[in-house]
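These numbers come from the heavy atoms of this one structure, side chains and all, not from hydrogens, waters or symmetry mates. Computed from a predicted model, the values in this text were never measured in an experiment.
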Amino acid sequence: MTHKLQSRSELAALRNACKQAFAAEKTKILVCGGTGCVAGGSLDIYARLQELLNERGIPAEVELAEEPHGDVVGIKKSGCHGFCEMGPLVRIEPNGWLYTKVKLSDCEEIVGETIENGRFIERLGYKKEGEVIKKQEDIPFYKKQTRMVLESCGHINAGSIREYLALDGYSALEKCLFELSPDDIIREVSESNLRGRGGGGFHTGEKWASCARQKANPKYIVCNGDEGDPGAFMDRSIMEGDPHRLIEGMIIAGLAIGSSEGYIYVRAEYPLAVERLQTAIAQAEEYGILGENILGTDKRFSIHINRGAGAFVCGEGSALTASIEGKRGMPRVKPPRTVEHGLFDMPTNLNNVETYANVPMIINRGAAWYRSVGPENSPGTKAFALTGKINNTGLIEVPMGTTLREVIFDIGGGMRDGAAFKAVQIGGPSGGCLTEKDLDIPLDFDSLKKVGAMIGSGGLVVMDEHTCMVEVARFFMNFTQNESCGKCVPCREGTRRMLEILERITAGNGTEEDIDLLLELADTVSNTALCGLGKTAPSPVVSTIQNFREEYLEHVRDKRCRAHVCSKLKRFVIDPDLCRGCSKCARNCPVDAISGVLKSPYTIDQSKCIKCGACKTNCSFGAVREEY
């Protein structure tokens, strides 16, 4: 049974013991245990490495020892390393070596060559233009990153409170309990100018101060871990890879506003995040860091986990709190704001995972240090999920103010297969498309707002010249229309009408008037919808029309999709020079759209053609081709 810590000195003694045990592990094998690598088989790799170490009599530990006892190999399931497309990933410390695309069959060589003989296995290293790069930090994907919130992800056992303590974990909480008043905590967070990382960029200290001023009790701390944007997984990676950092941030927020109870709202599609959070909460309770009389003080704080059913609208504050209460997740009219009447109609402080995860380092290193990273009005770093038609995809963290060009071409390695960059969708379905003219815009709240975009939770979907921007607008509108809770007419009906128009255009049945009607509907929906989902739902449509109007016109005027994506604009034609007049295409056409005379070229009636492709499949002479 673990001893419950009763004082600051006991915490310091435990932290020191954990540091010594951590240092005693002269070699560490860090197997990525993030969702992406787990899907690629990393847990089997972890189990096999552990088995091989035991077979060869190599002293190895999964958990930090209570007391150091000679040189040992630490083998750990870490959080996400970030370079997801190169997974499964295995990092070897203290060398800093990173092995990519590791297979189960590589395990014996890793133990024999690297662990026993200290040799780097070149075929498992990352290769850039023929050169093998051994160290993780030297790989271009990592080189321009500044990992602050994610600094421990991939470097510690994600399921161990002892390893979190070994890296000075809960020292910020200790400081808040024994050195700072609630006003001091709020002042430090306010002076850091930390802005909410959930999308809106609201000043965190201001929100905390407003909640602290409320007279009603009890007050609640709520963490939004719903993360519903397509392609976004920043919060998931923090919850999976460094759950104690989130917990520490939430406890500090509770001390600041006078709350003793917190809720983490996690989407049910994140089972690994839920499991790691449950483990971390149980460990913190066991050590006396959560629960009654934290570290022997009169302070208490408990955390509950609520699983959301995957409704995108529950990322909105009032819908999220309604869902925790067991009601249907639907937003309400504001004011009153959540800080006044939130969960159970009580004052509630709501931030997302990344926001809370910033708090411990602000308390430890100071507001001035935090403001020294990034621009003055948007200091700190931001984690992004970098996906799409780009060479290097994965989870990244860069200082606010980093340009899109640096992210896409330096960290992301540029476009795949030498294709030309076309656009990037930023901010998820609520964001907008930025184009080549925007590549040097700093990624911060204010700069993006000026060009009609937003950081959102941090999704970056990069698109190349082979992307149809009308289809992109249709895809995101389909998503937001499906996710509309239906409470207000502008969102429920407006997004449906917009989706119908976009479907009409991509099917080749649109008109020029439809483009103007889309903009008119977009203006109505964004100005009259009840919540943020509805107000921002038209953004992808508006931004694609503004930046790629000529593509919309090609769809409605010429019935042509230049990217060859909209299948209903595809035409099958028969080349008369290649057609032998065998009639095989006509005999296999299900709608009798092909006619002709034997031994003469046949033709396709486009008004009848259903574009099934049977003619092309059955032609023995390659006479049938596709045209857009």
Side-chain angles (χ1 to χ4, degrees), residues 22 25 28-43 45-46 49 62-64 74-93 96 98-100 102 136-137 139 141-142 145-170 197 223 225 227 232-249 264 266-267 269-281 283-284 305 352-354 356-358 360-361 381 383-386 393-397 458:
F22 195 70
E25 295 177 340
K28 294 179 174 67
I29 308 173
L30 294 146
V31 181
C32 179
T35 291
C37 283
V38 168
S42 67
L43 296 187
I45 291 166
Y46 171 80
L49 287 170
V62 175
E63 292 286 343
L64 283 186
I75 177 163
K76 310 169 189 300
K77 266 185 287 190
S78 73
C80 177
H81 292 239
F83 209 175
C84 304
E85 75 167 62
M86 286 291 161
L89 298 164
V90 175
R91 179 181 167 97
I92 307 295
E93 291 184 351
L98 185 69
Y99 289 150
T100 62
V102 178
Q136 180 173 333
E137 286 71 22
I139 296 171
F141 178 78
Y142 292 101
Q145 292 191 49
T146 301
R147 294 170 80 85
M148 287 165 45
V149 170
L150 301 173
E151 63 182 339
S152 296
C153 284
H155 293 273
I156 61 172
N157 178 348
S160 171
I161 189 173
R162 293 176 62 82
E163 295 207 15
Y164 184 69
L165 289 168
L167 299 183
D168 291 318
Y170 291 112
R197 296 312 199 240
C223 174
E227 196 169 48
F233 54 96
M234 298 73 58
D235 288 348
R236 186 194 76 197
S237 296
I238 295 168
M239 291 185 284
E240 290 177 358
D242 201 1
H244 285 284
R245 182 188 287 261
L246 165 60
I247 291 169
E248 184 172 12
I264 305 175
V266 191
R267 59 194 298 108
E269 296 94 329
Y270 285 178
L272 187 56
V274 171
E275 178 190 324
R276 299 252 171 96
L277 285 168
Q278 288 171 335
T279 299
I281 289 169
Q283 290 172 343
I305 297 175
N352 83 323
V353 174
E354 192 178 347
Y356 285 121
N358 271 280
M361 60 184 171
T381 59
F384 291 98
L386 188 59
T393 61
L395 181 71
I396 69 168
E397 185 179 359

Residue pair Y142 / L98, side-chain heavy-atom distance below 4.5 Å: yes

Nearest heavy-atom neighbours spanning G33 and V38: O-CG2, 3.5 Å

Minimum heavy-atom distance A357-I238, with the two atoms named: CB-CG2, 4.2 Å

Carboxylate-amine/guanidinium proximity below 4.0 Å for K76 and E93: no

N/O donor-acceptor pair under 3.5 Å between S42 side chain and P88 backbone: no

L386 side, atom CG; M234 side, atom CE - distance, nearest 0.5 Å: 11.5 Å

Y164 and Y170 aromatic ring geometry - parallel, tilted or perpendicular at 30°/60° bounds: perpendicular

Q283 (side chain) donor-acceptor with I161 (main chain) under 3.5 angstrom: yes

Beyond-backbone contact of V62 with K77, side-chain heavy atoms, under 4.5 angstrom: no

E85 (side chain) donor-acceptor with T393 (main chain) under 3.5 angstrom: yes

Closest non-hydrogen atom pair between C84 and G394, with its separation: SG-CA, 4.0 Å

Whether E248 side chain and P360 backbone form a donor-acceptor pair below 3.5 Å: no

SB check E269 R236 (cutoff 4.0 Å): no

Closest heavy-atom pair and its distance - S160, E63: OG-OE1, 3.7 Å

Which atom of Q145 lies closest to which atom of I396, heavy atoms considered: OE1-CA, 3.3 Å

N-O pairing of E137 and R91 below 4.0 Å: yes

pair L89-V102: side-chain heavy atoms closer than 4.5 Å: no

Straight-line distance of H81 NE2 to F141 CZ, nearest 0.5 Å: 12.0 Å

Gap separating the OG1 atom of T279 from the NE2 atom of H244, nearest 0.5 angstrom: 8.5 Å

Stepwise side-chain contact (heavy atoms from CB on, under 4.5 Å) check, F22 with K28: CA-CA 10 Å; F22 195 70; K28 294 179 174 67; 3.4 Å; yes

Between CE on residue M239 and CG on residue L277, distance to nearest 0.5 Å: 6.0 Å

Reference residue L150; test side-chain contact (heavy atoms from CB on, under 4.5 Å); the match among T381, L395, D242: L395

For G79 against A158, the heavy-atom pair lying closest together: N-CB, 4.0 Å

Gap separating the CG atom of N157 from the OG atom of S152, nearest 0.5 angstrom: 12.0 Å

Donor-acceptor under 3.5 Å (E397 side chain, M148 main chain): yes

4.5 Å side-chain heavy-atom contact, L165 and L64: no

I156 CD1 to S78 OG distance, which is reported to the nearest 0.5 Å: 9.0 Å

N/O donor-acceptor pair under 3.5 Å between Q136 side chain and G96 backbone: no

Any I29 side-chain heavy atom under 4.5 Å of I92 side chain: yes

Minimum side-chain heavy-atom gap T35-F233 below 4.5 Å: no

Any side-chain heavy-atom pair of R245 and E151 under 4.5 Å: yes

